[in-house]
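Here is the structure we will look at.
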Amino acid sequence: MTSLLDAIKEDESVTTKDARFPHAPADWTRELAVKTAQREGLMLGEDHWEAVRALQQYYVKHEEININMRELHDALDEKFHGKGGMKYLYQLFPAGPVAQGCLIAGLKAPAGATDKSFGSVV
């Protein structure tokens, strides 16, 4: 049986949504994204956060269907067209704006975004 004190402690551990990331997955936090980015060798700046917000927003708007890699790629290219499109995004996420961006945004990358067999020895 859980005591009242334990129940209160559990409630305190629940993360609240960051108002700057209204479309973030429930288990995502900015701190987790920073740690993930550090493991990826990235230092996140405001441009990265803008891309993360764009990815999270895209996923929320398309949650009822499977995310299509090509459509997501084209949507990102269009959204960031004024800054250079995909070329700009590859400067932010060298391992791929979709694959690496989704990883940092707490999202599952769409099929075809990553090739797990690349470089492996079979």
Side-chain angles (χ1 to χ4, degrees):
M1 175 171 239
T2 304
S3 72
L4 180 58
L5 183 58
D6 290 336
I8 292 170
K9 286 181 184 176
E10 288 175 8
D11 285 343
E12 289 175 354
S13 69
V14 175
T15 59
T16 58
K17 276 208 173 232
D18 187 331
R20 295 166 292 184
F21 299 90
H23 305 292
D27 58 347
W28 182 89
T29 64
R30 190 175 165 111
E31 293 76 24
L32 180 60
V34 168
K35 288 178 185 175
T36 303
Q38 288 172 341
R39 281 195 310 269
E40 293 286 310
L42 297 175
M43 200 62 162
L44 299 179
E46 188 50 43
D47 291 340
H48 293 92
W49 294 121
E50 182 182 6
V52 165
R53 279 189 288 276
L55 283 163
Q56 291 172 344
Q57 184 177 21
Y58 184 90
Y59 269 69
V60 165
K61 287 183 177 181
H62 297 87
E63 67 184 340
E64 71 282 350
I65 59 170
N66 287 333
I67 302 295
N68 179 289
M69 168 68 177
R70 173 56 59 196
E71 290 175 7
L72 175 56
H73 180 277
D74 291 348
L76 287 172
D77 191 34
E78 184 177 330
K79 173 146 180 78
F80 293 96
H81 178 75
K83 294 183 177 187
M86 291 308 285
K87 184 176 181 180
Y88 163 76
L89 291 171
Y90 269 100
Q91 291 172 350
L92 296 176
F93 302 105
V98 174
Q100 196 172 36
C102 283
L103 179 66
I104 293 168
L107 306 166
K108 183 179 178 210
T114 58
D115 183 359
K116 294 182 181 174
S117 67
F118 181 73
S120 65
V121 178
V122 179

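Any value given below was found using the heavy atoms of this structure, including those in side chains, with hydrogens, waters and symmetry copies removed. For the single chain, residues carry numbers from 1 onward in sequence order.
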Side chain of His48, backbone of Leu92: donor and acceptor closer than 3.5 Å?
-> yes
Min side-chain heavy-atom separation Thr36-Arg39 under 4.5 Å = yes
Within a strict 4.5 Å, meaning less than it, do heavy atoms of the Gln56 and Trp28 side chains meet?
-> yes
Measure the spacing between CZ of Arg30 and NZ of Lys35 and express it to the nearest 0.5 Å.
-> 14.5 Å
Is Leu103 close to Phe93 at the side-chain level, that is, under 4.5 Å between some pair of heavy atoms?
-> no
Are any non-hydrogen side-chain atoms of Pro25 and Tyr59 less than 4.5 angstrom apart?
-> no
Interatomic spacing from CZ in Arg70 to NE2 in His73 - rounded to 0.5 Å = 5.5 Å
Flag, side chain of Tyr88 to backbone of Gly82, donor-acceptor distance under 3.5 Å = no
When hydrophobic residues are tied together by side-chain contacts of less than 4.5 Å, even through go-betweens, does Leu72 share a cluster with Tyr90?
-> yes
Where is the tightest heavy-atom contact between Met69 and Ala111, given as atom of each residue plus distance?
-> CB-O, 3.5 Å
Do you know the tightest heavy-atom contact between Ala113 and Ala99?
-> O-CB, 3.6 Å
Heavy-atom side-chain proximity of Leu42 to Ile104 below 4.5 angstrom = yes
Does atom CD of Gln91 have more than 12 heavy-atom neighbours, drawn from other residues, nucleotides or ligands, at distances under 6.0 Å?
-> yes
Over all heavy atoms of both residues, which pair between Ala19 and Pro22 is shortest? Give the atoms and the distance, please.
-> O-CD, 3.6 Å
Sequence neighbours excluded, which residues qualify as salt bridge (charged side-chain N to carboxylate O under 4.0 Å, His left out) partners of Glu50?
-> Lys83
To the nearest 0.5 angstrom, please state how far the CG atom of Asp77 sits from the NZ atom of Lys87.
-> 12.5 Å
Do the non-hydrogen side-chain atoms of Leu55 and Pro97 ever get within less than 4.5 Å of each other?
-> no
